[in-house]
Protein chains: 2
Amino acid sequence: MTTEFTLRQVAKATGLSIHTLRYYEKVGLLAPIFRTANGHRRYSAEDIAWLEFLVRLRETGMPIKKVIAFADLVRQHPNEVSERRMLLEEHRNQVKQHLEELTHHLQVIDLKLEHYKQLEATGENDHSCIFWKHHLEKSLE
Amino acid sequence: MTTEFTLRQVAKATGLSIHTLRYYEKVGLLAPIFRTANGHRRYSAEDIAWLEFLVRLRETGMPIKKVIAFADLVRQHPNEVSERRMLLEEHRNQVKQHLEELTHHLQVIDLKLEHYKQLEATGENDHSCIFWKHHLEKSLE
DNA sequence: ATAAAAGCTAGAGTGCGCTCTAGGTCAATA
DNA sequence: TATTGACCTAGAGCGCACTCTAGCTTTTAT
């Protein structure tokens with residue numbers, strides 16, 4: 001409330017672009033930001049705190065529409081926390097699951113890398129190129 | 001090579017849509033798939049193996065262009081594995097980093113959830129709603 | 001023999017999340 | 001006084017990754 005920040009400052013602070021900050025406000029990810037007499041935005045520390053949480057939701061894959069739904073809950077039911085909790089809990093579980101899938105994918109990629117390293121060490125050809133050869137043969141018929 | 005599969009079968013096997021399979025071939029994620037006399041696609045077991053790895057790359061966030069670059073390396077340098085290894089290693093590191101960021105984000109979300117649970121238990125209001133009030137006050141001036 | 005189901009291509013359309021442009025105001029600096 | 005630079009709005013444009021349509025042929029089931 002006391003200290004207020006310009007668009008430019010907030011862009012620098014959050015890592016979001018100036019364009020994105022205006023866009024986020026336009027679509028309702030942010031409540032309307034306070035304006036000076038000439039219409040320029042002034043962000044409060046609380047605005048920045050919300051932006052930081054919002055970015056976390058986005059970076060964990062929450063679609064913009066769902067973040068808007070979350071923001072709307074705060075606006076419409078500021079004293080009712082349970083709906084927000086449920087929405088966030090659902091998201092948390094999705095992130096958790098995604099995390100587990102990624103971990104598994106990483107293991108497979110690591111296996112493939114191990115395989116490559118062995119091939120490089122022994123100077124052998126990649127076995128999987130057979131599959132490409134098959135197409136070459138066919139196209140030469 | 002021996003057993004071959006129809007478009008429909010491969011869609012079911014990989015979880016990709018029929019449209020997507022044709023699209024992937026068109027843009028070069030797959031080498032041209034073998035065709036029957038009437039022009040219908042017939043996928044080999046190797047095609048499916050590559051599709052499965054490809055899906056893993058996509059699901060770990062590798063952009064299509066980069067997957068194409070990877071596929072091109074196999075086609076152009078089937079005996080040279082080191083470039084492929086480097087590309088894949090770079091991707092692996094990005095996935096690892098992403099995984100760590102996600103883990104951190106998850107912790108913050110869990111903290112927020114803890115906070116919500118406490119509020120629900122004590123029946124208190126969410127402190128963060130102050131930030132929304134600020135805007136309401138301003139709009140009433 | 002005919003209808004339904006599966007396949008084909010080229011290319012248009014969609015949804016998401018920005019990102020940029022045009023055309024303007026206002027304040028401070030050279 | 002003129003110009004630079006930060007800001008404003010409305011709305012157009014873009015890149016990605018599909019997804020679907022139109023109009024056609026072929027195959028399979030009844």
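Each chain gets a letter, A, B and so on, in the order its sequence line appears, and its residues count up from 1.
Across the protein-nucleic acid pair, B/K66 atom NZ and D/dA17 atom P stand 12 Å apart, rounded to whole Å. For the pair B/I33 CD1 and C/dC8 P, the interatomic distance rounds to 11 Å; values are reported in whole Å. Atom CD of B/E25 is separated from atom P of D/dC18 by 15 Å (rounded to the nearest Å). At whole-Å resolution of the value, CD in A/E59 and P in C/dG17 are 14 Å apart. Taking atom CG of residue A/L57 and atom P of nucleotide C/dG17, one finds them 13 Å apart after rounding to whole Å. The nearest whole Å value for the distance from the CD1 atom in A/I68 to the P atom in C/dC16 is 10 Å.
Phosphate proximity of D/dT27 to B/N38: present, with a side-chain N or O under 4.0 Å from OP1 or OP2. A close approach under 4.0 Å does not occur between any side-chain nitrogen or oxygen of B/R35 and OP1 or OP2 of D/dT26.
B/H91 and B/T60 share a donor-acceptor pair across their side chains, judged by distance under 3.5 Å alone.
A search for salt bridge (charged side-chain N to carboxylate O under 4.0 Å, His left out) contacts involving A/E100 returns A/K96, not counting sequence neighbours. Residues meeting the salt bridge (charged side-chain N to carboxylate O under 4.0 Å, His left out) test with A/E101, sequence neighbours left out: none. Qualifying salt bridge (charged side-chain N to carboxylate O under 4.0 Å, His left out) partners for A/K12, counting only residues two or more places apart in sequence or in other chains: none.
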Considering only distance and modelled atom types, tabulate donor-acceptor pairs under 3.5 Å from the side chains of residues 18-32 of chain B, sequence neighbours left out.
residue : atom : partner : partner atom : Å
B/T20   : OG1  : B/S17   : OG           : 2.8
B/E25   : OE1  : B/R41   : NE           : 2.6
B/E25   : OE2  : B/I33   : N            : 3.0
B/E25   : OE2  : B/R35   : NH2          : 3.2

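Nearest nucleotide to the B/R41 side chain, out of C/dC16, D/dC7, C/dC8: C/dC8.
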What N/O pairs connect the protein and nucleotides 18-22 of chain C at under 3.5 Å? Give each pair on its own line.
residue : atom : partner : partner atom : Å
C/dC18  : OP2  : A/Y24   : OH           : 2.9
C/dC18  : OP2  : A/R58   : NE           : 3.1
C/dC18  : OP2  : A/R58   : NH2          : 3.1

Would you list the protein and nucleotides 3-6 of chain C atom pairs, both N or O, that sit under 3.5 Å from each other?
none

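With salt bridges taken as basic N to acidic carboxylate O contacts below 4.0 Å, one links A/K66 and A/E90. Taking 4.0 Å as the cut-off between side-chain N and carboxylate O, A/R85 and B/E114 do not count as a salt-bridged pair.
Nearest-nucleotide mapping onto DNA chain D: of A/L7 and B/M62, the residue sitting toward the 5' end is A/L7.
Classified by interplanar angle (parallel below 30°, tilted 30° to 60°, perpendicular above 60°), the ring pair B/W50/B/F70 is parallel.
For B/Q97, the CD atom is loosely surrounded, since the number of other residues' heavy atoms within 6.0 Å does not exceed 12.
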